[in-house]
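Because the structure is predicted, anything quoted here is derived from the model rather than measured.
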Number of protein chains: 2
Amino acid sequence: MLKPERQSLILHQLNIHNRVLSSDLSQQLKVSEDTIRRDLNELADLGKLVKVHGGALSKSYGHTTVRSEIYAPDEKEIIARKAMGLLHDGMYVLMGGGTTVSALVRLFPENLRLTVFTISPNIAIELIGHPNIEVFLIGGRVTAETQICLGGEVIHRLSEIRVDLLLMGTTGIDTAAGITETDIEVVQIKKAMMKAADKVAVLSISEKLGTSHRMKLCEIGELDTLITELPSDDPAIQPYARLGATIL
Amino acid sequence: MLKPERQSLILHQLNIHNRVLSSDLSQQLKVSEDTIRRDLNELADLGKLVKVHGGALSKSYGHTTVRSEIYAPDEKEIIARKAMGLLHDGMYVLMGGGTTVSALVRLFPENLRLTVFTISPNIAIELIGHPNIEVFLIGGRVTAETQICLGGEVIHRLSEIRVDLLLMGTTGIDTAAGITETDIEVVQIKKAMMKAADKVAVLSISEKLGTSHRMKLCEIGELDTLITELPSDDPAIQPYARLGATIL
DNA sequence: GCAGTTTTTTCAGGTTTTTGCAAGATTTTT
DNA sequence: AAAAATCTTGCAAAAACCTGAAAAAACTGC
């Protein structure tokens, strides 16, 4: 294992987990902790991570979104891992915003070949530099609350594209209320996204099961796949399976 | 085994494995490690691989896409500070990409009220959460090299907007050659941006003064303002003032 | 084919980089 | 406050590197 390889592996780990431990890396990469510490310090000097006692934290573009700021990172990683199974070389994929979708993007191996459309600047930036993924960002008005591109122009652009798969998070999901959102504009955008995609997959932590909000996006049956961190035979998600969504 | 044979074999190995060790290649090709090292250095000079201690890595991923390590941050902050003087409440501003423009955005005080259009996902994200700035991201294909949105759709959208001021960085700037870029697509986008703006301001560290590249964007005289980190009476920028640009 | 030239390779040496270890300092946890 | 974990520093060994000179190979014009 060459030093630059080791260092870029460390950065990759950071991208996925947002944190690394010197002791873990030492075992995993079969080098002494001193070496890991030296690597971490070098990478910290280059500004690629933040060194802390015991390991390092990722710093993504200026404002450090560390793991602790992401809600339920472990669950989201499980979800992301399951969602990877839906992706195959050559696919055209449309991606929404949110930290769950971000977690998925971070798992993309470098040999995965995709064409990705997204309304999230964050997702676009995460994918920049990936050697085999072409990224199209659909532009619009960007707001702090949603962190995605909104507006009529986005809907118009979405009407012009056709993709194999839509991957998006959700705000509320309930057997009776269906998929719901708080923001009417988000509903409009998501409806347009669903129209553009042959298959629709929703990523959601189980905590959101049974919650609902004011703005209705669609019924559960309109989804093709629902992915949570729960095992697919968990009683909590059986009702959703009966409504027609494939559970992963 | 002839030298070109050996070298193309090395490149072949790299394509497959993404890495090679000098020691391995030495054994495999039955030549001394010195010869291998010389080969690797030659290929590295040609830009076909990245030489590292112990061997070489393929150029494809991770190692080349350095997470925007900001070059000359101090100079860029001086430039950004000067550029702030061009901005006033209520303005419509169009912003290009690049670290110099990012430095400017970070200086925006909370009470600054602007409407910002940008082709850079990074700029859009920097501005997310600013209480008094409305951000419109103009979408398109995003590439690793430029980190901005490219494509015909961007140019079309730019043709539909009209802003008070364009703020952008540059690649090459020279009294004779004017403003130049390495990428023809970037030139097209920047020309469209210039058309959309009443006034054009270019931010450039003084290091770029006197440099030129293959693709011409415009003459110095077509700029309204040129901002470098040098004092406005520095002899190095006087020639640009004579060509019609206001120097800050 | 052959003497002369150029290119390529190897080898020897001294230098630099990388890594692991140990000792003592520092931080975190109990 | 003591104990445990982690960090820093200095050092030494191993590996990799570079330089220049000499040997080997390939090429040149005659």
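Whole-Å rounding puts the A:I36 CD1 to C:dC21 P distance at 14 Å. D:dC7 atom C1' lies 15 Å from atom CG of A:D39, rounded to whole Å. For the pair A:H53 NE2 and C:dT28 C1', the computed distance is 6 Å after rounding to whole Å. Following rounding to the nearest Å, A:L40 (CG) and D:dT8 (P) show an atom-to-atom distance of 10 Å. At whole-Å resolution of the value, CD in B:Q27 and P in C:dT10 are 14 Å apart. Rounded to a whole Å, the CG atom of B:L29 is 11 Å from the P atom of C:dT9. Whole-Å rounding puts the A:R6 CZ to C:dT18 C1' distance at 8 Å. Atom-to-atom, CD of B:Q7 to P of C:dT7 comes out at 15 Å; the value is rounded to the nearest Å.
Not one side-chain nitrogen or oxygen of B:R38 sits closer than 4.0 Å to the OP1 or OP2 atom of D:dC18. Distances shorter than 4.0 Å separate none of the side-chain N or O atoms of A:T35 from OP1 or OP2 on C:dT18. Between A:K3 and D:dA16, a side-chain N or O to OP1/OP2 separation shorter than 4.0 Å is absent.
Closest-nucleotide positions on DNA chain D for B:R37 and B:L2 were compared, and the one nearer the 5' end corresponds to B:R37. Along DNA chain D, the nucleotide closest to B:K51 and the one closest to A:D34 are compared, and the more 5′ of them pairs with A:D34.
Counting heavy atoms from C-beta on, the side chains of A:T118 and A:L127 never come closer than 4.5 Å. B:H130 is not listed as a side-chain neighbour of B:L114, based on a closest heavy-atom distance of 4.5 Å or more.
A side-chain donor-acceptor contact under 3.5 Å links A:K82 to the backbone of A:T228.
Across all strands, A:N41 comes closer than 4.0 Å only to sugar-phosphate atoms, never to a base (heavy-atom distances).
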Item to complete: Assess whether salt bridge (Lys or Arg N to Asp or Glu O under 4.0 Å) is satisfied between B:E42 and B:R38, documenting all intermediate values.
Response: CA-CA 6 Å; B:E42 281 173 29; B:R38 216 161 331 101; 5.7 Å; no

Worksheet item: Can you check side-chain hydrogen bond (donor to acceptor under 3.5 Å, both in side chains) on A:E134 and A:T115, steps first, answer last?
Response: CA-CA 5 Å; A:E134 195 162 19; A:T115 303; 4.7 Å; no

